[in-house]
Undergrad: 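Before I ask anything, here is the structure I am working with.
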Amino acid sequence: MLLKTSLNEAHRKLGARMVDFGGWDMPVMYTTPIEEHHVVRTQAGLFDVSHMGEIMITGRDAFALIQKLVSKDISTMVEGQMILAVLCNEEGGIIDDLTVYKYNPEKYLLVVNAGTTPGDFAWIVQHADGYEVKIDNISDTITKLDLQGPQSQTILQKI
């Protein structure tokens, strides 16, 4: 049985071509690959990425824990900013690629790959000893859409 995002029924009603994507019933296209490519390159495209994993880290030491675990220096991030980084093991090897969203100095959201969410979550929790943080896997409570393309900012300004 495939997992479904909260938008699954809407995708089906709108005529999306659905496929098994890592155990998720996901839309891969509505029209043609060429048409969708051109629309995203010249206007904007909206993508359901609700299958991704979301890990919320809050607390006094949220910054310090994330700074220790990811490859990128997050000290220059401002509230509302997002960066791309990788989650590293003790040797600096890559566990997963992810995005880090900064809400404020004590609240961050990590978006990780769907298939690696349980392992990423366990890794973070395992390395949180001594840090005053709360770590929650909120993946089942999030519907996430990504908007890409040159008209993205204009579209978002309207809402």
Undergrad: Just how far is it from atom OG1 of Thr99 to atom CG of Leu109, taken to the nearest 0.5 Å?
TA: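 Answer rounded to 0.5 Å: 7.0 Å.
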Undergrad: Under the salt bridge (charged side-chain N to carboxylate O under 4.0 Å, His left out) test against Asp25, which residue among Arg12, Lys4, Arg17 passes?
TA: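 That would be Arg12; it is the only one of Arg12, Lys4, Arg17 passing the salt bridge (charged side-chain N to carboxylate O under 4.0 Å, His left out) with Asp25.
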Undergrad: Search all heavy atoms of Met77 against all heavy atoms of Tyr101 and return the closest pair with its distance.
TA: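 Shortest heavy-atom separation between Met77 and Tyr101 comes out as CE-C, 4.3 Å.
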Undergrad: Check whether any side-chain N or O of His127 sits under 3.5 Å from a backbone N or O of Trp123 as a donor-acceptor pair, and report yes or no.
TA: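 Side chain of His127 to backbone of Trp123, a donor-acceptor pair under 3.5 Å: yes, one is there.
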Undergrad: Are the side chains of Ile74 and Lys102 in touch, meaning some heavy atoms are under 4.5 Å apart?
TA: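 Ile74 vs Lys102: side chains apart.
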Undergrad: For Tyr108 versus Met56, what's the shortest heavy-atom pair and its separation?
TA: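 Nearest pair, atom of Tyr108 first, then Met56: O-SD, 3.2 Å.
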Undergrad: Can you check side chain to side chain donor-acceptor pair (under 3.5 Å) on Thr143 and Ser6, steps first, answer last?
TA: CA-CA 7 Å; Thr143 295; Ser6 61; 2.5 Å; yes
Undergrad: Quick check: do Glu79 and Asn104 have side-chain heavy atoms less than 4.5 Å from each other?
TA: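 Yes, side chains in contact.
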Undergrad: Any side-chain heavy atom of Gln67 sitting closer than 4.5 Å to one from Asp73?
TA: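 Counting from C-beta outward, Gln67 and Asp73 do come under 4.5 Å.
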Undergrad: Please assess Glu106 against Thr58 for the test side chain to side chain contact (heavy atoms under 4.5 Å, CB included), listing each intermediate value before the final yes or no.
TA: CA-CA 5 Å; Glu106 295 187 4; Thr58 57; 5.9 Å; no
Undergrad: Can you tell if the side chain of Ile55 reaches within under 4.5 Å of the side chain of Leu98, non-hydrogen atoms only?
TA: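 When only atoms from C-beta onward are counted, Leu98 and Ile55 do not touch, as no gap falls below 4.5 Å.
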Undergrad: Show your working on side chain to side chain contact (heavy atoms under 4.5 Å, CB included) between Leu87 and Val112 and close with a plain yes or no.
TA: CA-CA 9 Å; Leu87 185 63; Val112 300; 5.6 Å; no
Undergrad: Could you give me the CA-CA distance, side-chain angles and deciding distance for Val86 and Asp96, then say whether side chain to side chain contact (heavy atoms under 4.5 Å, CB included) is met?
TA: CA-CA 6 Å; Val86 295; Asp96 195 7; over 6 Å; no
Undergrad: Please check if the number of heavy atoms outside Asp20 that lie under 6.0 Å from its CG is greater than 12.
TA: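 Counting other residues, nucleotides and ligands, CG of Asp20 exceeds 12 neighbours.
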Undergrad: Check whether any side-chain heavy atom of Val28 sits under 4.5 Å from a side-chain heavy atom of Phe21, and report yes or no.
TA: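 Val28 does not reach Phe21 side chain to side chain.
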Undergrad: Taking it one step at a time, do Asn137 and Glu54 satisfy side chain to side chain donor-acceptor pair (under 3.5 Å)?
TA: CA-CA 6 Å; Asn137 181 351; Glu54 291 87 12; over 6 Å; no
Undergrad: Counting only N and O atoms by type, is there a donor-acceptor contact under 3.5 Å from the side chain of Asp61 to the main-chain atoms of Ala64?
TA: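 Such a contact is absent between Asp61 side chain and Ala64 backbone.
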Undergrad: Look at the side-chain heavy atoms of Ile, Leu, Val, Met, Phe, Trp and Tyr, link any pair under 4.5 Å apart, and say whether Phe47 and Leu147 land in one connected group.
TA: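 No, separate clusters.
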Undergrad: How about Gln126: does its CD atom have over 12 heavy atoms from other parts shown lying under 6.0 Å from it?
TA: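 Yes - once you tally the heavy atoms of other residues, nucleotides and ligands closer than 6.0 Å, there are more than 12.
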Undergrad: Does atom CD1 (Ile94) have a neighbourhood of more than 12 heavy atoms from anything else shown, all under 6.0 Å?
TA: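 No, CD1 of Ile94 has 12 or fewer neighbouring heavy atoms, counting only those of other groups under 6.0 Å.
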Undergrad: Establish whether Leu46 and Ile155 are linked, either directly or via other cluster members, by ILVMFWY side-chain heavy-atom contacts under 4.5 Å.
TA: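 In one cluster: yes.
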Undergrad: For a quick test of reading the model, state the closest non-hydrogen atom pair linking Val70 to Ala85 and the distance between them.
TA: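 Where Val70 meets Ala85 most closely, the heavy atoms are CB-CB, 4.1 Å.
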Undergrad: Give me the atom names and distance for the closest heavy-atom approach of Glu36 to Thr31.
TA: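 Answer, listing the atom of Glu36 first, then Thr31: OE2-N, 2.7 Å.
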Undergrad: Do Leu7 and Trp24 sit in the same hydrophobic cluster, where Ile, Leu, Val, Met, Phe, Trp and Tyr count as joined when their side-chain heavy atoms come under 4.5 Å apart?
TA: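 No.
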Undergrad: Does Glu35 offer a backbone N or O that forms a donor-acceptor pair with the side chain of Thr32 under 3.5 Å?
TA: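 Flag set: sc Thr32 to bb Glu35 pair under 3.5 Å.
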Undergrad: Hey, are the side chains of Asp97 and Asn113 touching, using non-hydrogen atoms and a 4.5 Å cut-off?
TA: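 Counting from C-beta outward, Asp97 and Asn113 do come under 4.5 Å.
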Undergrad: Once you round to the nearest 0.5 Å, how far does CG of Leu2 lie from CE of Met18?
TA: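 One gets 9.0 Å once the value is rounded to the nearest 0.5 Å.
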Undergrad: How many angstroms lie between atom CD of Gln43 and atom NE2 of His38, to the nearest 0.5 angstrom?
TA: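 The distance works out to 11.5 Å.
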Undergrad: Should Lys72 and Val100 be marked as a side chain to side chain contact (heavy atoms under 4.5 Å, CB included) after you check the CA-CA gap, both sets of side-chain angles, and the distance that decides it?
TA: CA-CA 10 Å; Lys72 200 128 187 199; Val100 178; over 6 Å; no
Undergrad: Within a radius of less than 6.0 Å around CD1 of Ile34, do more than 12 heavy atoms belonging to other residues, nucleotides or ligands occur?
TA: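 Open.
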Undergrad: Using 0.5 Å steps for rounding, measure from the NZ atom of Lys107 to the NZ atom of Lys134.
TA: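 Output value for this atom pair is 10.5 Å.
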Undergrad: Any donor and acceptor pair, going by atom type alone, linking the side chain of Asp136 with main-chain N or O of Ile138 inside 3.5 Å?
TA: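 Pair absent, no side-chain N/O of Asp136 close to backbone of Ile138.
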Undergrad: If you define the side chain from C-beta out and look only at heavy atoms, does anything of Ile83 sit under 4.5 Å from Thr76?
TA: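 They are not in contact (no side-chain heavy atoms under 4.5 Å apart), so the answer is no.
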Undergrad: Can you tell if the side chain of Ile124 reaches within under 4.5 Å of the side chain of Leu110, non-hydrogen atoms only?
TA: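 Ile124 reaches Leu110 side chain to side chain.
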Undergrad: Under a single-linkage definition using a 4.5 Å side-chain heavy-atom cutoff for Ile, Leu, Val, Met, Phe, Trp and Tyr, are Ile66 and Val125 assigned to the same hydrophobic cluster?
TA: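 In one cluster: yes.
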Undergrad: Using the rule that Ile, Leu, Val, Met, Phe, Trp and Tyr join whenever any side-chain heavy atoms are under 4.5 Å apart, tell me whether Met52 and Ile142 fall into a single cluster.
TA: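 Result: yes, single cluster for both.
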Undergrad: How many angstroms lie between CG in Leu3 and OG in Ser50, if you round to the nearest 0.5 Å?
TA: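 Taking CG in Leu3 and OG in Ser50, the distance rounds to 12.5 Å.
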Undergrad: What's the separation between atom CD1 in Ile57 and atom OH in Tyr131, rounded to the nearest 0.5 Å?
TA: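 That separation rounds to 11.0 Å.
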